[in-house]
Amino acid sequence: MDMNSTNFAIEPGSWLQLGANYDGEGVNFAIFSAHAEGVELCLYDPSGKVEIARLALPEYTHEIWHGYVPGLKPGALYGYRVHGPYDPENGHRFNPNKLLIDPYARELVGDVEWNEAHFAYDLLHEDKDLVFDARDSAPFMPKCRVIDPKEFDWNDNRPNIPWPAAIVYETHVKGFTQLNPGVPEELRGTFEGMGHKATVDYIKSLGITSVELMPVHYFPDDQHLLEKGLHNFWGYNTLGFFAPASRYYGPRGIQGFRDMVRSFHDANIEVILDVVYNHTAEGNELGPTLSFKGIDNFSYYRTMPDQHRYYINDTGTGNTVNTSHPRVLQMVTDSLRYWSEAMHIDGFRFDLGTILGREPEGFNERGGFFDAITQDPVLSKVKLIGEPWDIGPGGYQVGGFPPGWAEWNDKYRDTVREYWKGTNVSTDFAARLLGSGDLYDQRGRRPWASVNFVAAHDGFTLNDLVSYNEKHNDANGEDNNDGHNDNRSYNYGAEGPTEDEGINAVRERQKRNFLATLLFSHGTPMLLAGDEFGRSQLGNNNGYCQDSEISWVHWENLPESCEELREFTRQIIKLRHEQPLLRRENWRDGMDIKWFNAGGGFQTAEQWDEGSTIGLYIGRGDLKEEEGIWHDVLLLFNPFEGNVPFQIPQFGEGGWVLELTTSDVTKHGQVITKEKDFELEGRSLALFRRP
Amino acid sequence: MRRLILAASAVVLLSTCSDSSNTQSDPIDNTPPPQAENMAPTERRATPQSGSGYEAPVNNAAGATNQQPTEPPKP
């Protein structure tokens, strides 16, 4: 059918599949709304500027409005207008003057161009959102595009990396590629740049198995940021749960996303998406009406009991998605299955994941969301990583997610930071190093359930962790009031970059200590992109609005120390891949674990309390006969400033050989016998193996 | 900066308290229990959320959290 034609018919169609679905002869439209009184489908010409048809969906079945447009093809642009009561005090905000995004739209064309018309209420009236606004928002809204997800020939092999072998690399499509000289200029900042050979080869060269992309679902820029000349860089502000963020499109558009995934798969690297189902871009009661608010506000969002005008805000962003509603829960799981099955995504990291397990009475690891995922034949088999907290009551749930899930472990982050800063947290450090069994050794959960990290997008980079005592977020325009204050960082004598060689040497050593601790810990290591060579954000620990050189990864004109750190990172990742002892699969593998003091004896309770240099022996007899595989190793840790003569525990045969030490990356091969102590330098870690 | 304190008990010989032979049929795990306040799940502190860059709003008595309405955008 000619998309400029205005002669469209509409038939009853089917309610069975939500969204706009092409069957080869036409498109079926189906949209859930339990409280609407009518839904109009608006079709647009290819420019997206001219409405060419407005068709009332003729049928309403099981709370789903639906209709079928014969002859309509992929590429058609559309949106909805939804009729119903405008009654905010009872939770309803219908306003057919607002063009609305289909929650199931698989592609969105154009941006949200901020305008007063986006608001369903009269902005100037003293009663605010209680007063209806009749202005048409269509000229300022992106349009949904019908696509045929079956048209892409994948021809890829999914990596299916076993959890114990996974090394996660958190990064950002634009931030990682924007300044990369290896990526052609026209592809920088795009999905195609992320999937470019230069990008993939680099990540592969590090030994990474799983790339975790910060949000790539469609998101608009926040109006308050645009007014300050800033942009939402991170993207935790979703509007389209099925649509890729078109801001990352390159020349091949949506195909570029699939090209990227296939490129990573060809290199045997998984792609994990950071997904944000906990809230939407529509804000609180004074926010815009872009989609869900106008389709069925009372169903899609959690509202305050007895005050349905207001939203429960356990996310800190103004609203909370109501996954207690079966159709909303269906939207989330349909979205996840779409990304897994049609876009070949290998796993998900759930932003503020606690929100998804909330029921009206609070968080419940047997809540509807978790039950739905656990029984799902597709989703239960992909990598599932929770950010196990939100800011609502009882929202801190580290260790509280159900079997099948991995979790970001912020106890690991905080304890490891404290330990290398010199604070006595040795007992806690021991637990974190060994996979946080206190949190995860339950109900058959494995060590990999602990996603260990020292730095992530949210907070200081590794370099800044050892270079700044305080955050420096002035560029965010909030008078440095935003971002975390509890960073557990230390600058070692100067705030920020310095020419002092002594300070810089300590900082480099501490970076190696953090990286080696991360890679030699049981659990799943997650590395923040660029930390492998000391990327800085100049002390900004909340780069959410910095689509700028503060957040972008710099690749050129780096000091020699950056390349040295990168090589060190490659070395320790390689060791982790090669040696099963460093990536424990099972709590009950018969592993022998012993902690020693510097005198060579077992660490006593008093010594744990006092805080001291410690040694860790781990061994597995079943690995003895395997060629090239270590059956036992010894790790020594000295977080203090001074050197310590460490009497190496001697048992078994052959003594020990120094594999590496963070005090001097060129030093290795030293053989230690009973008669000789090892000089464990201040603020260093040493790894020994058998000869 | 803290200095190492070498405990007197460091002189305890390994052979008196661990496997002195090559066989390690009795695996030992002398990892101490982590600090009690770090047992999960706990609500001892709220970890800030990703993305918003705002301070956490105040909990209300209803058991949910309601951010105070902000001023509408300037026309």
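Every chain is numbered from 1 and lettered A, B, ... according to where its sequence line falls, protein lines coming before strand lines.
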### Query
Is it the side chain or the backbone of A/Leu434 that comes within 4.5 Å of chain B heavy atoms, both, or neither?
side chain
### Query
Is it the backbone or the side chain of A/Trp608 that comes under 4.5 Å from a heavy atom of chain B, or both, or neither?
side chain
### Task
Supply the atom-to-atom distance B/Asn30 CG to A/Phe602 CZ, rounded to the nearest 0.5 angstrom.
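Answer for the CG-CZ pair, B/Asn30 versus A/Phe602, is 5.5 Å.
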### Query
How would you list, by chain and number, every residue that makes a salt bridge (Lys or Arg N to Asp or Glu O under 4.0 Å) with A/Asp274, sequence neighbours excluded?
A/Arg349
### Message
Tell me the closest heavy-atom pair linking A/Ala430 and B/Thr31, and the distance in Å.
### Response
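Smallest interatomic distance, heavy atoms only, reads CB-CG2, 3.9 Å.
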### Message
Testing the basics here: between A/Thr427 and B/Pro32, what is the closest heavy-atom pair and its distance to 0.1 Å?
### Response
CG2-CG, 3.6 Å
